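Here is the structure we will look at, set down as structure tokens.
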Amino acid sequence: MARILITSAIPYINGIKHLGNLVGSQLPADLFARYQRGRGNEVMFLCATDEHGTPAELAAAKAGKPVADYCAEMHEVQADIARRFGLSFDHFGRSSSPQNHALTQHFAGQLAEHGLIREVVEQQMYSRADGRFLPDRYIEGTCPNCGFESARGDQCDNCTKQLDPTDLINPHSTISGSTDLELRETKHLYLRQSAMKDKLEAWIDSKTDWPVLTTSIAKKWLNDGDGLQDRGITRDLDWGIPVKKGAEDWPGMEGKVFYVWFDAPIEYIACAKEWADAKGLDDSAWQRWWRTDKGADDVRYVEFMGKDNVPFHTLGFPATLMGSGEPWKLVDYIKSFNYLNYDGGQFSTSRGRGVFMDQALEILPADYWRWWLLSHAPESSDAEFTWDNFQVSVNKDLADVLGNFVSRITKFCRSKFGEAVPEGGAYGSQEEALLADLTARVRAYEGCMEAMEVRKASQELRAIWVAGNEYLQSAAPWSTFKTDPETAAMQVRLGLNLIRLYAVLSAPFIPFTSARLAEAMGIPDLGWPDDVAAALTALPAGHGFSVPDVLFAKISDEDREDWQSRFAGIRS
RNA sequence: GCCUCGGUAGCUCAGCGGUUAGAGCUGACCGCUCAUAACGGUUAGGUCGCAGGUUCGAAUCCUGCCCGAGGCACCA
């Protein structure tokens, strides 16, 4: 039995995520986790909320709540939505957990001990009105190069020139609008990534099976300009993990916290400890997933993320793990995704444009979204959500091909043989051909799922559903029944078994529907069909079943038009 | 500006050096009538972004250009 460790990029705490965020990491990670569990492998699937940083502090202030309370509430909101989408995390943790505090401080201490931390005194913009240091992007002013009035402190959006906040004319805080800014001296810790450049590069070079999208970004950072640069890992903020050297205080760093991108990936590990603690297990339970000296040497670790997250997962986080000098498990495969756009543009939280996870579940069950999103996952390039496409895909694939198949076979059986699997008859050439076809298709489906080729896997699954309709059409039990009821019984028995097979195979994509099918067929045990022919005899003659309600109601034109205008957002 | 990825039928995509460029959806036609007016079959539809080049042969390799997206280091 293989052991698979799976992490999804951890969603930021600030607000409810949209469908693009969902399909970019959590949903495909869930697909993979469910598939691997279905195959009988041991899976640890981890995700969490990413709770630190300036945006969390600002969102909390806007909501008029203490940051800790705000994050606790938003964590529950996100956890609830994730549950309702069927995201099957073994644990959904928090980067603000005590476990992550301790582990992040531990890593910083280890890195310092190995001479990989240096202290840097630097000048940074401070806003007296806001009472905080401002990240470059929170400062706007007039561009000295082109005169654009809303240039940001790091770059002018108009002429694209790279800027320093001190370059700006009439700089002001984008938080308060205050112009009362000054340069202040502050001390920060830098992770000496430059010292680990060769080690990181050798490691990246060994990953020959990774997508180009992933390795090219890493190599750019490694080799561009002067090569890999050191990275600041602390900030002057109130909310975060206090800077400490392991359990010891860090002289001169009082009142400072670790930078969110330093502690967020460490939460992948801390999350496993949260899981163990919540279950009352000791440290060996989570260490066997993360420490190669404590049982993790046979673990395959796969990370899922959007392409914007790649640098931190290919360089920053591995640098932290390698630099610790301890035998932590490094990622084996990174599956990265492009972006999902919404109807000709980007999803936009501020404009209310596009569908957000909570809204999606208000209008349709999770499986509709899961199916569409996964079968249109932005793997090779950016993808686009349109209501037309959504309506047509869902109606055709789910309602017509799968839903109607289940309906026609169960209802036919009920009317001719009753609500139990009929007995009698033996396979003929049509059935043998179907078994051969299905066996080949199931093996192809497994191949796609192992390779995490999400779209192709969805196409294979759909083809497996279609094979059922083709069989019914050619076998025509409604016609056979008139002259040869025994053969019709065999055909129907096979059809009912196909439903069970579909429940098993479809579970990674549409888990809620699979569960309904399994219940209707009266078979709670959904073992993976390693032997397809055998799997199609799992429901024996005489086994009772029930006719399920309509699996997928079709989306009407009225619904589509209604939703299209409802989620269009404010035109600008 | 630099780097990377993408631009293939009306739509969503596959193919990435070798027979007449494929699939699903949409359209047209036929069949079936068990079923959510569902299903099955047939068929139509493309100078493979543009211009050059390499090759016996290019959607597939190279060069340039156009269009879209991302990255370019402290925004998560």
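From a predicted model like this one, the values you see are computed outputs, not experimental measurements. Residue numbers start from 1 in every chain, and the chains themselves are labelled A, B, ... in the order their sequence lines are given, proteins ahead of strands.
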Query raised in the report: Hey, does A/L228 reach any base, or is it just sugar-phosphate, or nothing, if we go heavy atoms under 4.0 Å?
Result: base
Do any N or O atoms of the protein come closer than 3.5 Å to N or O atoms of nucleotides 21-25 of chain B, and which pairs are they?
from: B/rG24; atom 1: O3'; to: A/R462; atom 2: NH2; distance (Å): 2.9
from: B/rC25; atom 1: OP1; to: A/R462; atom 2: NH2; distance (Å): 3.3

Report summary line: Applying salt bridge (Lys or Arg N to Asp or Glu O under 4.0 Å) to A/K197 and not counting sequence neighbours gives A/E201
Query - C1' gap between B/rG15 and B/rA59, integer Å - result: 9 Å
Query raised in the report: Do A/D382 side-chain and B/rA69 base share a donor-acceptor contact under 3.5 Å?
Result: no
Query raised in the report: Given A/F552, which of A/Y368, A/W465, A/F512 fulfils the ring-ring contact (aromatic ring centres under 6.0 Å, His included) condition?
Result: A/Y368
Query raised in the report: Using atom P of each nucleotide, how far apart are B/rC5 and B/rG17 to the nearest Å?
Result: 16 Å
Report task. Specify the separation, in whole Å, of atom CZ of A/R408 and atom C1' of B/rA38. Result -> 8 Å
Query raised in the report: Counting distance only, does the side-chain N/O of A/D263 pair as donor-acceptor with the main-chain N or O of A/T104 below 3.5 Å?
Result: no
**Report entry** Rounded interatomic separation in angstrom, taking NZ from A/K554 and P from B/rA35
**Finding:** 15 Å
Report task. For nucleotides B/rA21 and B/rC13, find the distance between their C1' atoms and express it as a whole number of Å. Result -> 14 Å
Query - Euclidean distance, atom NE2 of residue A/H313 to atom P of B/rG70 [Å, nearest integer] - result: 20 Å
Query raised in the report: Between A/S95 and A/N100, do the side chains contain an N or O donor and an N or O acceptor separated by less than 3.5 Å?
Result: no
Requested in this report: Give the rounded distance in Å between these two atoms: CD of A/Q124 and P of B/rC75.
Outcome: 9 Å
Query raised in the report: Taking atom C1' of B/rA38 as reference, at what distance in whole Å does atom CD1 of A/I555 sit?
Result: 16 Å
Query raised in the report: Can you find a donor-acceptor pair, distance only, under 3.5 Å between A/W221 side chain and B/rA73 base?
Result: no
Query raised in the report: Taking only residues two or more places apart in sequence, or in another chain, which ones meet A/D400 in a side-chain hydrogen bond (donor to acceptor under 3.5 Å, both in side chains)?
Result: A/K554
**Report entry** side chain to side chain contact (heavy atoms under 4.5 Å, CB included) involving A/N469 - partner list, sequence neighbours excluded
**Finding:** A/V401, A/F405, A/R408
Report task. Would you please name every residue forming a salt bridge (Lys or Arg N to Asp or Glu O under 4.0 Å) with A/E453, sequence neighbours left out? Result -> A/K456
Query raised in the report: Listed by chain and number, what are the side-chain hydrogen bond (donor to acceptor under 3.5 Å, both in side chains) partners of A/T386, not counting sequence neighbours?
Result: none
Protein-nucleotides 9-12 of chain B N/O pairs closer than 3.5 Å?
none

**Report entry** Length of the line joining A/M125:CE and B/rC74:C1', which is rounded to integer Å
**Finding:** 16 Å
Requested in this report: Determine the minimum heavy-atom distance between A/P485 and A/F417, stating which atoms define it.
Outcome: O-CZ, 4.0 Å
**Report entry** Pair A/F258-A/H52, ring pair (Phe, Tyr, Trp, His ring centres under 6.0 Å): steps then yes or no
**Finding:** CA-CA 9 Å; A/F258 286 107; A/H52 297 136; 9.9 Å; no
Query raised in the report: Which whole-number value in Å describes the distance from A/N338 CG to B/rC5 P?
Result: 12 Å
Query raised in the report: Residues in side-chain hydrogen bond (donor to acceptor under 3.5 Å, both in side chains) with A/R370, at least two apart?
Result: A/D30
Query - Results of ring-ring contact (aromatic ring centres under 6.0 Å, His included) for A/F509 - residues two or more places apart only - result: A/W371
Query raised in the report: Base, sugar-phosphate alone, or nothing: which one does A/F481 contact when heavy atoms must sit under 4.0 Å apart?
Result: nothing
Query raised in the report: What base-paired stems does RNA chain B take part in, with at least 3 consecutive Watson-Crick or G-U wobble pairs and both distances under 3.5 Å?
Result: B:1-7 with B:66-72, B:10-13 with B:22-25, B:27-31 with B:39-43, B:49-53 with B:61-65
**Report entry** Euclidean distance, atom CG of residue A/L189 to atom C1' of B/rC74 [Å, nearest integer]
**Finding:** 14 Å
Report summary line: In 5'-to-3' order, the base (B), backbone-only (S) or no-contact (-) status of each nucleotide in nucleotides 28-33 of chain B, using a 4.0 angstrom heavy-atom cut-off, is ---BSS
Query raised in the report: Is the shortest heavy-atom distance from the side chain of A/M521 to the side chain of A/N497 under 4.5 Å?
Result: no
Query - Residues forming a side-chain hydrogen bond (donor to acceptor under 3.5 Å, both in side chains) with A/Y259, sequence neighbours excluded - result: none
